[in-house]
Amino acid sequence: MKFNKEILKLYMITDSNYMDERESVLKAVKSGATCVQYRAKNTDTKQMIEVAKDLKKICNHHNVPLIINDRLDIALAIQADGIHIGQDDMPIEIVKKYASNMIIGVSASNIEQALIAEKKGADYIGAGAVFSTQTKKDANYMGIESLKELMKKIKIPVAAIGGINLKNIKEVLKTNIDGVCIISALLCSKDIEKTTKEFLKIIEEEHI
């Protein structure tokens with residue numbers, strides 16, 4: 001799937017600690033999530049491939065791209081639409097060598113990291129953590145003001161991540177970002193389909 005910044009609007013990231021990936025992804029994409037990232041930090045490779053294959057079928061059916069977090073081997077094995085890498089993962093130069101046809105996203109917690117990723121050919125930046133978050137306790141905290149400064153420097157699309165919920169999303173959207181990555185605010189909600197639609201309604205009202 002060719003990259004389009006529209007896919008970043010409501011970017012859902014899985015976490016089996018909160019909900020089964022297949023169940024959460026199906027509910028989210030049916031309700032309008034525009035992109036899915038499969039993230040499984042403590043799952044063995046065989047199980048990851050099995051889950052990723054099922055998620056790919058669900059995403060394909062709803063014409064939503066599936067991005068694999070960290071694992072280039074899994075992304076290649078299931079022919080995912082893209083791969084997302086962090087600062088301590090495989091260097092982007094190597095990822096591009098083996099996955100030149102995939103969407104490539106890079107996490108950045110400051111402007112310098114984002115500029116380097118942009119220069120090396122990332123399609124988009126995952127910027128954060130904007131707020132403190134329980135999902136990734138080791139994430140560097142960025143804050144709204146730093147996100148605003150990052151947006152002034154970066155030319156490629158940016159999706160904000162980290163602690164974003166229905167109460168603070170408008171503040172985040174005002175930084176001129178291209179989308180938001182949501183984890184616990186969706187997966188911990190009582191009704192993931194209703195919450196997905198609520199996020200989309202706010203995003204559309206803010207015209208991003």
Side-chain angles (χ1 to χ4, degrees), residues 1 4 6-86 89 102-103 105 107 124 126 128-139 159-169 172 179-204:
M1 183 179 290
N4 181 326
E6 295 293 312
I7 70 169
L8 300 178
K9 279 189 174 183
L10 183 53
Y11 187 133
M12 174 216 181
I13 300 177
T14 67
D15 189 331
S16 62
N17 291 316
Y18 295 122
M19 185 183 290
D20 174 77
E21 294 98 338
R22 299 173 180 89
E23 181 183 0
S24 62
V25 167
L26 179 59
K27 288 182 176 180
V29 298
K30 281 173 63 179
S31 306
T34 55
C35 186
V36 170
Q37 181 187 127
Y38 175 39
R39 186 162 78 180
K41 294 289 186 182
N42 300 306
T43 304
D44 63 51
T45 300
K46 184 178 180 181
Q47 185 180 352
M48 277 196 75
I49 288 176
E50 291 174 356
V51 174
K53 281 181 178 177
D54 290 342
L55 299 186
K56 187 74 167 59
K57 289 177 184 175
I58 294 169
C59 289
N60 280 355
H61 183 72
H62 291 85
N63 197 31
V64 170
L66 176 66
I67 310 290
I68 304 296
N69 182 259
D70 293 353
R71 296 287 301 271
L72 178 60
D73 57 340
I74 303 292
L76 292 170
I78 67 144
Q79 297 183 307
D81 298 292
I83 178 166
H84 188 95
I85 53 175
D89 298 326
M102 286 188 188
I103 299 166
S107 295
Y124 72 91
V130 181
F131 304 106
S132 61
T133 171
Q134 291 297 311
T135 307
K136 198 169 184 180
K137 295 179 180 178
D138 62 341
I161 184 172
I164 300 169
N165 55 46
L166 288 169
K167 292 181 180 178
N168 61 28
I169 185 174
V172 179
V180 290
C181 302
I182 309 292
I183 308 175
S184 58
L186 277 179
L187 302 181
C188 294
S189 67
K190 293 180 180 177
D191 187 336
I192 190 171
E193 290 159 305
K194 180 183 175 184
T195 305
T196 302
K197 291 175 182 175
E198 289 175 342
F199 270 113
L200 274 177
K201 183 173 184 290
I202 296 171
I203 290 168
E204 288 168 0

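Note that the structure is a prediction, hence the values are computed from the model and not measured.
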For I192 against M19, the heavy-atom pair lying closest together:
CD1-SD, 4.4 Å
Distance check, rounded to the nearest 0.5 Å: C181 atom SG versus L8 atom CG?
7.5 Å
Any ion pair linking D70 and R39 (charged N to carboxylate O, less than 4.0 Å)?
no
What closest approach, in Å, do D81 and P65 show between heavy atoms, and which atom pair accounts for it?
OD2-CA, 3.3 Å
For Y11 and H84, take the angle between the two ring planes, folded into 0 to 90°, and tell me which bin it lands in: parallel under 30, tilted 30 to 60, perpendicular over 60.
perpendicular
Between T195 and S189: side-chain donor-acceptor atoms closer than 3.5 Å
yes
Answer yes or no: is there a donor N or O on one side and an acceptor on the other, between the side chain of N165 and the main chain of I182, under 3.5 Å?
no
To the nearest 0.5 Å, what is the distance between CE on M1 and CG on N63?
4.5 Å
If you measure from the Lys or Arg side-chain nitrogens to the Asp or Glu carboxylate oxygens, is any gap between R71 and D73 under 4.0 Å?
yes
When rounded to the nearest 0.5 angstrom, what is the spacing between NE2 in H62 and OG in S31?
8.5 Å
Closest approach of I83 to A75 (non-hydrogen atoms, all atoms of both residues):
CB-CB, 4.4 Å
Carboxylate-amine/guanidinium proximity below 4.0 Å for K27 and E23
yes
What side-chain donor-acceptor pairs closer than 3.5 Å can you find for residues 47-57, not counting sequence neighbours?
| residue | atom | partner | partner atom | Å |
| --- | --- | --- | --- | --- |
| D54 | OD2 | R22 | NE | 2.6 |
| D54 | OD2 | R22 | NH2 | 3.1 |
| K56 | NZ | N60 | OD1 | 3.0 |

Which atom pair, heavy atoms only, marks the closest approach of N168 to G163?
ND2-O, 2.9 Å
Tightest non-hydrogen contact, residues G162 and A129, listed as CA-CB, 3.9 Å
About how many Å separate CE of M12 and CG of L10, when rounded to the nearest 0.5 Å?
9.5 Å
Has S107 got a side-chain atom pairing as donor or acceptor with G86's backbone, closer than 3.5 angstrom?
no
Just wondering, do Y124 and I103 contact through their side chains at under 4.5 Å, heavy atoms?
yes
